[in-house]
Amino acid sequence: MSELEIELAPHAGEPLKPAKDRRRRTSRTSVFWLGLPLGVITFLVFVLPLTGLLPDGGQDLTATRLPPAFLDGGTWAHPLGTNKLGQDGLTQLVESGRLTIMIGLVGALVAIGPGTLLGLLAGYCRGWVDKTISILIDAQLALPFILIALAIIANRGSSLPVLFLVLALTGWASCARVTRSATLSIRERQFVLGLRAAGASEARIVFRHVLPNLAGTVVALATLQVGTAILVESALSFLGLGVVPPHSSWGSMLAAGQDELSHSWWIAFFPGLAITVLVLLVNLIGDALLTHNDPRKRRR
Amino acid sequence: MKATTLRRIGARVATLLASLLIALTMAFALGRLSGDPTATILGPMALPEQREALRHQLGLDQPLLVQYFDYLKGVFTGDLGDSLQFYQSNTTMILDRLPFTLQLVAAGMSLAILIGIPLGVLAATREGTWWDRGASTLALLGQSVPVFWLGMMLVVLFAVKLGWLPAGQSGSLKHLILPAVTMALYPMAHIARLTRASMSDALREPFIDSARARGISTTRVVWRHGFKNAMMPILTIIVLQTGVLMSGAVAIEYVYSWPGLGQLALQSIQFRDFPLVQAIVVFAAVIFVLLNLVVDLLHSVVDPRVR
């Protein structure tokens, strides 16, 4: 077998390569079909409480720990059952969803914002700026940040600002790393040289020309970060270190359900299912966007 | 080993030591920001003289810089201070809990590797088919479930409803099954996804075509030629995920009342026992950095392209 032969026909007989156009179109439609249920969930969570269709969310000590309607002993007055205080499961699920989704969105923004900015700076300025930021990225990725997050919360107490600080600290580095390497390659492209020759200011080049070229990737990373933020929040709230009463998120509902597990499993079942569905949809969209924006993957 | 390799490893070691120093400093700062520990130890009724005496005993009346260097010296000699709540050496307590966590991590990680790698290879060799879609979705699902919730539901099903397995605590092999399965899920999904990506890259290489053309069996091409070349990132993620599991399994240990490091961390946080919190963070940071070093060395040893 000579090398010449291989070079002549490097991909001969390679099976099943979808054409470029088809792949692009599928990824766009799949984002739509995945976004639809996500939009419906968000809409329901924010609008349902306003319609008055939900059961009364107040305490009712005559109807505690009722099973969901589809089990023996359940009633359609409380479709997803009640908790130990007789509060309706469905109403609680919908109302806690608001805080959960909000934490997911804000938690992603506070991580992606600084991450993108630092990645841009490192990739565009290079030199000592890049060295410093790269060491910080390496340090963050080489450290047990969940434990450090726990220590911060132990120190400062649980509140929303502390939660966002923790989400920002745990999420910025992977985004900064991706943005940095993308910026490194974009700054060498012809149009950047042209802009500089034409006398455009550095700030203008970075924010008006380099950043828009990264936008697709950043949006994909932000989408994935929403899922991560929701999962981190749910774990922290479950341990009593994230969202704590009187506020309620799906994670803190899981914490309340933990004590009732042996006799009333449904109290913990539905919030966990809601988190799973939401995060799965978000991750599927993020994956599709990432594939869509990665020219290397798109070519296949 | 060539000089360039040594220089590369040297640079990595320097970066890792810098990371370690950042972590140690953060842990120190967190310990100091938490207010006066004498109030926690002696309670609100203590006399000012008593508190002053204790501050002197703990070395808190020294300048901050002196305290910092004492602390660093302690870290490098294995002395992580004493717990406020248990009146014991933190190092002893951490080492007491370590075997339980190691047992769980070893069981969980083995499961994750045994399922994750074949799943990823299956998806990569049948790219674009329903096998691929099924395996990929399963892996993504594994990364979307709050694992501790899955643990709770496994307890309901196998311990409460069916009564096959114990719901918590440690002891026999039976006690290990549910926590290990729960622990395995996330790294399994991660390994499967990475294996698929890495394998599908490797299988596109020209040498795969040439191996096929030489009439080598598909199994042999996939595992000997493909997998061997796709292995490096997978190995990396396995080592790094082990580090994450060692410190990040707090919620899983909590669900199963598993007496490991995670539970100890949670206890120390709930009792505001900051020396112990600090000690656990330091311990985990050292483990993390060591594992990162292992990854770098593996790169140079296993992959001739890096050498």
Side-chain angles (χ1 to χ4, degrees), chain A residues 1 5-7 9-18 134-136 138-144 146-148 150-156 227 230-231 234-236 238-241 250-251 254 257-258 261-263 265 268-269 271-273 275-284 287 300, chain B residues 15-16 18-20 22-23 26-27 30-31 33-34 127-129 137 140-141 143-150 152-153 155-156 159-161 167 200 204 206-207 209-210 212-214 243-244 246-248 250-251 254-255 265-266 268-270 272 274 277-278 280-281 284-285 287-289 292:
Chain A
M1 173 70 46
E5 239 172 294
I6 302 166
E7 226 170 290
H11 294 286
E14 197 163 350
L16 279 176
K17 261 194 190 172
S134 294
I135 284 185
L136 283 178
D138 278 352
Q140 136 88 82
L141 293 177
L143 290 176
I146 289 301
L147 269 191
I148 293 181
L150 289 182
I152 294 175
I153 292 167
N155 217 315
R156 303 278 101 185
I230 291 175
L231 283 183
S234 73
L236 289 175
F238 174 64
L239 296 172
L241 300 168
W250 287 341
L254 288 178
Q258 160 81 357
L261 220 49
S262 55
H263 42 85
W265 54 268
F269 178 74
L273 190 67
I275 295 173
T276 308
V277 171
L278 190 70
V279 176
L280 183 65
L281 284 171
V282 165
N283 280 345
L284 283 167
D287 255 20
R300 284 176 193 164
Chain B
T15 313
L16 286 174
S19 315
L20 188 61
I22 291 175
M26 280 185 79
L30 281 170
L33 283 174
S34 56
E127 210 178 319
T129 65
T137 311
L140 200 64
L141 188 65
Q143 290 195 305
S144 306
V145 178
V147 274
F148 59 88
W149 171 73
L150 187 82
M152 288 158 79
M153 292 305 124
V155 166
V156 169
V160 180
K161 298 278 175 208
S200 104
R204 264 167 234 284
F207 62 76
D209 293 327
S210 100
R212 280 221 180 97
R214 272 182 282 155
V244 173
M246 296 253 331
S247 68
V250 182
Y254 174 66
V255 167
L266 200 61
S268 65
I269 284 167
Q270 278 160 352
R272 304 180 68 79
F274 287 106
V277 177
Q278 194 184 46
I280 295 173
V281 171
I287 297 248
F288 252 62
V289 166
N292 270 281

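All chains are named by letter (A, B, ...) in the order of the sequence lines, taking the proteins before the strands, and each is independently numbered beginning at 1. Here the structure is a predicted model, which is why all the values come from computation and not from measurement.
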S.K.: Nearest 0.5 Å, what's the CD1-CE distance between A/I152 and B/M26?
M.R.: 5.0 Å
S.K.: If you tally heavy-atom pairs under 4.5 Å against chain B, which of A/L241, A/I275, A/L281 wins?
M.R.: A/I275
S.K.: Under 4.5 Å heavy-atom distance to chain A, tell me which part of B/I280 shows up: side chain, backbone, both or neither.
M.R.: both
S.K.: Apply side chain to side chain contact (heavy atoms under 4.5 Å, CB included) to the pair B/L141 and A/N283, showing each step before the final yes or no.
M.R.: CA-CA 9 Å; B/L141 188 65; A/N283 280 345; over 6 Å; no
S.K.: So which atom in A/L231 and which in B/Q143 form the shortest heavy-atom distance, rounded to 0.1 Å?
M.R.: CD1-O, 3.4 Å
S.K.: So does B/M153 get a backbone contact from the side chain of A/W265, meaning a donor-acceptor N/O pair under 3.5 Å?
M.R.: no
S.K.: So which atom in B/M152 and which in A/G257 form the shortest heavy-atom distance, rounded to 0.1 Å?
M.R.: CE-C, 4.3 Å
S.K.: Is it the side chain or the backbone of B/L266 that comes within 4.5 Å of chain A heavy atoms, both, or neither?
M.R.: side chain
S.K.: Given heavy-atom pairs under 4.5 angstrom as the criterion, report whether the side chain, backbone, both or neither of B/V277 touches chain A.
M.R.: side chain
S.K.: Is there a side-chain contact between B/V156 and A/F269, using heavy atoms and a 4.5 Å cut-off?
M.R.: no
S.K.: Please determine, among A/L254, A/I135, A/L136, A/V282, the option with the most heavy-atom pairs under 4.5 Å with chain B.
M.R.: A/L254
S.K.: Do you know which of B/I287, B/L150, B/V155, B/V145 has the most heavy-atom pairs with chain A at a distance under 4.5 angstrom?
M.R.: B/V145
S.K.: Name the region of B/V147, side chain, backbone, both or neither, that has any atom closer than 4.5 Å to a heavy atom of chain A.
M.R.: neither
S.K.: At a 4.5 Å cut-off on heavy atoms, which part of B/A284 comes close to chain A: side chain, backbone, both, or neither?
M.R.: both
S.K.: Quick one: of A/L278, A/V277, A/L284, A/L273, who has the most non-hydrogen atom pairs under 4.5 Å with chain B?
M.R.: A/L273
S.K.: Work out which heavy atom in B/P146 is nearest to a heavy atom in A/G272; give both atom names and the distance.
M.R.: CD-O, 4.3 Å
S.K.: What class does the angle between the rings of B/F148 and A/F238 fall in, given that below 30° is parallel, 30 to 60° is tilted and above 60° is perpendicular?
M.R.: parallel
